[in-house]
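Just so you know, these numbers come straight off a predicted model, no measurement behind them. Counting convention: from 1, in listed order, for ligands and their atoms alike. Numbering starts at 1 and runs along the sequence shown.
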Amino acid sequence: MPGIPALPTETMATQATYHAALETNLPHVRERIAAAAERSGRDPDTVRVVAVTKGHAPGAIEAALAAGLRDIGENRVEELQRKVPLFQAGTVTWHAIGHIQRRKAAGAARLAALIHSVDSVRLAEKLSRLGEAQARRVPVLVQVNASGEAAKGGLPAALDPEAALDGIGAIAVLPGLRVMGLMTMAPFVADEATLRTTFARTRATLEAASSIDGLAGRELSMGMSNDYEIAVEEGSTMVRLGTTLFGPRPA
Ligand SMILES: *Cc1c(COP(=O)(O)O)cnc(C)c1O
């Protein structure tokens, strides 16, 4: 692939493994997304696959690009900082999808084309100040906790919907941000009904927020390897897929 530096030889075996995994897995994933979209009367092209490469060697990203996937998700800012310089600018659309400590906000704002995980007004304010200082608007999604689980981050769309909407409103008017929609994480171990409720609540929160001043997009980042078909049925426009594309992450 032009512009992508050769990887160290010790990773060549993994690179071939990633190519093979995508060759097998990606067509299945595309079919399942298309079927789920059609079940809910949606155009499959409205669902973007974000390939989550956290914990994987850069060869996974190279393989993803070769398979036609340009949207790459990383969970940690440090890993973004390590991986971004390995690829020619413009070849990868980088997504920051994990919790961001405020002291790492500058790295995320600089490297990611979209930050999915703005999980507090305080983090949003920090990112907005960074955007303003650079005379730009940082593209973000607001993360909502639509399951009510204590361990999940995000504005409390399940436990206190009014507070969540207030928070989204406060974030949407920040001058250094462009709020493109919402993101959620469903409970990892959950029955289908619980997953569906979580995703439907996130969509309802976006609908309730759509009259809010400053909301610049209608994206719904929801669905991971174990639940993306339900997420698409419930309106997801971005699925964040790791394991189902690349196999299990190295320990
Ligand atoms: C790791 C991760 C994913 C992908 O998880 P898989 O189950 O491997 O598909 C998606 N979203 C976030 C926020 C993640 O941290």
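- The aromatic rings of His56 and Phe246 lie tilted to each other, with the angle between the two planes from 30° to 60°.
- For His95, the ring-ring contact (aromatic ring centres under 6.0 Å, His included) test picks out His116, with sequence neighbours left out.
- With sequence neighbours left out, Arg110 forms a side chain to side chain contact (heavy atoms under 4.5 Å, CB included) with Gln81.
- Other residues, nucleotides and ligands place more than 12 heavy atoms under 6.0 Å from the CZ atom of Arg42.
- Note on residues 19-31: pairs passing side-chain hydrogen bond (donor to acceptor under 3.5 Å, both in side chains), not counting sequence neighbours, are His19-Glu62.
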Item to complete: Report the C-alpha separation of Arg137 and Glu132 in whole Å, then their side-chain angles, then the decisive distance to 0.1 Å, and conclude whether the salt bridge (Lys or Arg N to Asp or Glu O under 4.0 Å) test is met.
Response: CA-CA 7 Å; Arg137 286 170 172 264; Glu132 274 191 288; over 6 Å; no

Distances only, to 0.1 Å: what are the N or O pairs between ligand 1 and the protein that fall under 3.5 Å?
unit_1, atom_1, unit_2, atom_2, d
ligand 1, 8 (O), Thr243, N, 2.8
ligand 1, 8 (O), Thr243, OG1, 2.6
ligand 1, 8 (O), Arg249, NH1, 2.8
ligand 1, 8 (O), Arg249, NH2, 3.2
ligand 1, 9 (O), Ser225, N, 3.1
ligand 1, 9 (O), Ser225, OG, 2.5
ligand 1, 9 (O), Gly242, N, 2.8
ligand 1, 11 (N), Arg240, NE, 2.9
ligand 1, 15 (O), Lys54, NZ, 2.7
ligand 1, 15 (O), Asn75, OD1, 3.0

